[in-house]
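In what follows, chains are A, B, ... by sequence order, proteins preceding strands, each numbered from 1.
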2 protein chains.
Amino acid sequence: MDKLRAIEWFVRLADLGSFTLVAEHAHTSKSMISKEISRLEQTLGVRLLHRTTRNLRLTQAGEGYLPRARQILNQLSEADNFAQQLQQTPKGRLKVNVPMALGITDLGPMFAEFMQHYPEIELDVHLSDGDIDLVEQGFDLGLRASSQALDSNYVGRPLTHFSYHICAAADYFDHHPAIIKPSDLRQHNCFEYSYFRSKNTWPIDDGVVINGTLRANSVLFMLAAIRAGHGLGMVPDFLCRDELKTGELIQVLPQAKKPQLTLYAMYPARHFVPARVLQCIEFLQQKFNH
Amino acid sequence: MDKLRAIEWFVRLADLGSFTLVAEHAHTSKSMISKEISRLEQTLGVRLLHRTTRNLRLTQAGEGYLPRARQILNQLSEADNFAQQLQQTPKGRLKVNVPMALGITDLGPMFAEFMQHYPEIELDVHLSDGDIDLVEQGFDLGLRASSQALDSNYVGRPLTHFSYHICAAADYFDHHPAIIKPSDLRQHNCFEYSYFRSKNTWPIDDGVVINGTLRANSVLFMLAAIRAGHGLGMVPDFLCRDELKTGELIQVLPQAKKPQLTLYAMYPARHFVPARVLQCIEFLQQKFNH
DNA sequence: CCTATTGTTCACAAATAGGAAACAGAAATG
DNA sequence: CATTTCTGTTTCCTATTTGTGAACAATAGG
């Protein structure tokens, strides 16, 4: 039995509450989890989980074992990080969370180059936009665009700044009235981005309540609708700069006060940060500053 | 790789300073140790030990990894003890250190009976008399006869008391002068026990300096010499009570002031004491009090 | 009452562990 | 200086263990 792995799985089991989920998460079969947990229980001589077919709950022993197991795993990764910090060439798995749109446009090529520089680092990139817990999901690094303060559980380093543009297709205004002042937007089909904190209010000047026929959780998807001339969207500059240059898209209200977005590289605040994480951040910083 | 075991071996390696010794200690081959440590170093990406053929020393990484490894192992055994404490029937390995002579005479039958009562407990009995570090050697329980205070790292529970007798063979005095007062001993062949703190001084009244032609680190061996009529020895009562009863041995200076020995059951002071340890102590207490 | 989904068990294929011996390097020995 | 005698590493082979997918038993929900 690999006791450490058994303990890891036990902790996951307590968190997720299902053998099947843990098996998926650990890329193995549920029979494996079952056997390993049973073996752990056997060596301890105590049942850690009370299992009925549809429900899992910790036994008294499991209840007490769980926090200790957590601490052991934490200290182990702390020790590993310490050791790896002293090594020369960064290697190992680097699990990164990246915003969907930015990941596809700008970060894709950057990470490709990063891989070339550090061939010993095994990249595990997850594209997603929702607010997820980096630690819980086991991310070493997360890139997040934010206009507000950061969670103090993480260390955040600003990489670059973005601004928003309100865009429409060039031919959109052939059939729609012009937009002179922010309140004109209310007469138009303004798309809503699901992950905006202020759902149907665009943060222009004092805020403009908009409404439209599209709501999407992907700016890329929204961009397609804008290019098709179906309405207006508020998109970050890195997504529309090419189209604005070619004239395919037109910016509206360029002088209006729009929020500045900062892209942060965030990593869990720990005693020893793996070299590969710091190297990656530095690499990105250099790329963005160039 | 069994990472936990690798860490254990690494700690042992740092303590003992030799692959060969660790291999013996762990009941495995040195190739195993070598391979496992190498694998650990590989996953960490750092060399933990700098090895030359005749000398081992920790690298900078190893120096920092060692205390963390120690802590992890401690917390793990703490967690295991916690879990096992909640279990009903005690089981698992119980490694006991027992004084040589007492182990052979009185404790042998007691432990035999103990095994019968708790068939799930796997006994690992080490007979030895020297002062050894229970924790370092991995003992769960140590039985020690002592007349003085105990190390505060351990919890000690008194089991029973012993007294010393000065004995000689019955026919010894056919050819040697009688002994009336303690100072008469100086004219006799008095055997010396290696582990006595006051080497060649017997703790009778104010202490009597003795000399003789035998020095041994085994009271049993000494007893054989006494029975053969070669001289006198100071032996604990449990070793000579049968011979005194049959008259084979004769006690000398019975009214002299001799030290009282207390037999302690000692176990490492930890947060959670395994059930099997407590059960064993209770069993022995009962046996001695009966 | 049936279906869907859970965790456990089983049997077999694949991978791994473990040990003996050969090996290579360095210190002590004469 | 050659030799002996330790050290830790490597190699190779077998026995053990691991991991998987399918069948299984058990339970909650429709």
Side-chain angles (χ1 to χ4, degrees), chain A residues 1-63 65-66 69 83 93 122, chain B residues 1-63 65-66 69 83 92-93 122 124:
Chain A
M1 177 193 56
D2 186 338
K3 187 166 182 174
L4 257 183
R5 190 183 51 175
I7 292 180
E8 272 170 35
W9 288 351
F10 164 66
V11 170
R12 281 259 177 78
L13 208 37
D15 288 340
L16 302 178
S18 148
F19 279 65
T20 313
L21 279 182
V22 173
E24 282 175 26
H25 207 106
H27 303 292
T28 182
S29 59
K30 52 183 182 164
S31 48
M32 205 57 245
I33 311 284
S34 173
K35 269 201 281 192
E36 203 74 337
I37 296 291
S38 297
R39 278 191 278 238
L40 176 60
E41 290 176 326
Q42 204 172 351
T43 64
L44 292 178
V46 189
R47 228 163 161 54
L48 294 172
L49 298 149
H50 206 279
R51 11 207 201 279
T52 65
T53 33
R54 240 1 167 199
N55 207 8
L56 278 187
R57 66 172 188 281
L58 291 166
T59 61
Q60 192 193 350
E63 205 82 58
Y65 202 71
L66 181 60
R93 183 161 62 245
E122 188 186 331
Chain B
M1 176 194 56
D2 186 337
K3 186 165 181 172
L4 259 181
R5 189 184 51 175
I7 291 179
E8 273 171 35
W9 288 350
F10 164 66
V11 171
R12 281 258 179 78
L13 208 37
D15 289 341
L16 302 179
S18 148
F19 279 65
T20 313
L21 280 181
V22 173
E24 281 174 27
H25 206 108
H27 302 293
T28 182
S29 60
K30 53 184 182 163
S31 52
M32 205 57 244
I33 311 283
S34 172
K35 273 197 275 193
E36 204 73 338
I37 296 290
S38 297
R39 279 192 277 238
L40 176 61
E41 291 177 324
Q42 204 172 351
T43 64
L44 292 179
V46 189
R47 222 156 166 57
L48 294 173
L49 299 150
H50 204 281
R51 8 209 201 284
T52 65
T53 34
R54 232 15 159 194
N55 207 7
L56 277 187
R57 68 172 184 279
L58 291 167
T59 62
Q60 193 192 353
E63 204 82 58
Y65 201 72
L66 180 60
R93 183 163 61 247
E122 186 187 331
D124 184 359

C:dT8 P sits how many Å from A:Leu13 CG, rounded? 9 Å
In whole angstroms, how far is the P atom of C:dG18 from the CD1 atom of B:Ile37? 13 Å
A:Thr28 side chain: which of D:dT20, C:dG18, D:dG8 is closest? D:dT20
If you measure from CG on B:Leu58 to NE2 on B:His50, what distance do you get to the nearest 0.5 Å? 11.5 Å
Starting from P on C:dT6, measure out to CG on A:Leu49 and report it in whole angstrom. 16 Å
Between CZ on residue A:Arg39 and CG on residue A:Leu44, distance to nearest 0.5 Å: 13.5 Å
Separation between CG of A:Leu49 and CD of A:Glu63, rounded to the nearest 0.5 Å: 10.0 Å
Among D:dT20, D:dT10, C:dT8, which nucleotide has an atom closest to any side-chain atom of A:Lys30? C:dT8
Atom CG of B:Leu48 and atom P of D:dG8: how far apart are they, to the nearest Å? 16 Å
Check this one for me: any side-chain N or O of A:Arg51 less than 4.0 Å away from OP1 or OP2 of D:dA26? no
Length of the line joining A:Ile33:CD1 and C:dT9:P, which is rounded to integer Å: 15 Å
From NE2 of B:His50 across to P of D:dT9 the rounded distance in Å is 12 Å
Inter-residue atom distance A:Lys30.NZ - A:Lys35.NZ, 0.5 Å rounding: 14.0 Å
Side chain of B:Ser18 only, please: which of D:dT11, D:dG21, D:dG8 is the nearest? D:dG8
Establish, with yes or no, whether the OP1 or OP2 oxygen of D:dG8 is under 4.0 angstrom from a side-chain nitrogen or oxygen of B:Ser34. no
Degree of bending in the helix from C:dC1-D:dG30 to C:dG30-D:dC1 once both end axes are built from five pairs, to 10°: 30°
Taking any heavy-atom pair under 4.0 Å as a contact, classify A:Thr20: base, sugar-phosphate, or nothing. sugar-phosphate
Whole-Å gap separating P (C:dT5) and CD (A:Glu24): 12 Å
Take atom CZ of A:Arg93 as the centre, draw a 6.0 Å sphere, and report whether it contains more than 12 heavy atoms from other residues, nucleotides or ligands. no
Send over the distance from A:Gln42 CD to C:dT9 P, rounded to a whole Å. 11 Å
Considering only distance and modelled atom types, tabulate donor-acceptor pairs under 3.5 Å from the side chains of residues 1-19 of chain B, sequence neighbours left out.
residue, atom, partner, partner atom, Å
B:Asp2, OD1, B:Leu4, N, 3.4
B:Asp2, OD1, B:Arg5, N, 3.4
B:Lys3, NZ, A:Asp80, OD2, 2.5
B:Arg5, NH2, B:Glu36, OE2, 2.8
B:Asp15, OD1, B:Arg70, NH2, 2.3
B:Asp15, OD2, B:Arg70, NH2, 3.0
B:Ser18, OG, B:Thr20, N, 3.2
B:Ser18, OG, B:Leu21, N, 3.0

Tell me if a side-chain donor or acceptor on B:Thr28 pairs with a main-chain N or O of B:Ala23 at a distance below 3.5 Å. no
Which nucleotide, D:dG19, C:dA17, D:dT10, lies nearest any side-chain atom of A:Lys35? D:dG19
Against the side chain of B:Ser31, the closest entry in C:dA20, D:dG8, D:dG21 is C:dA20
Options D:dG19, C:dA21, C:dG18, nucleotide nearest the side-chain atoms of B:Arg5: C:dG18
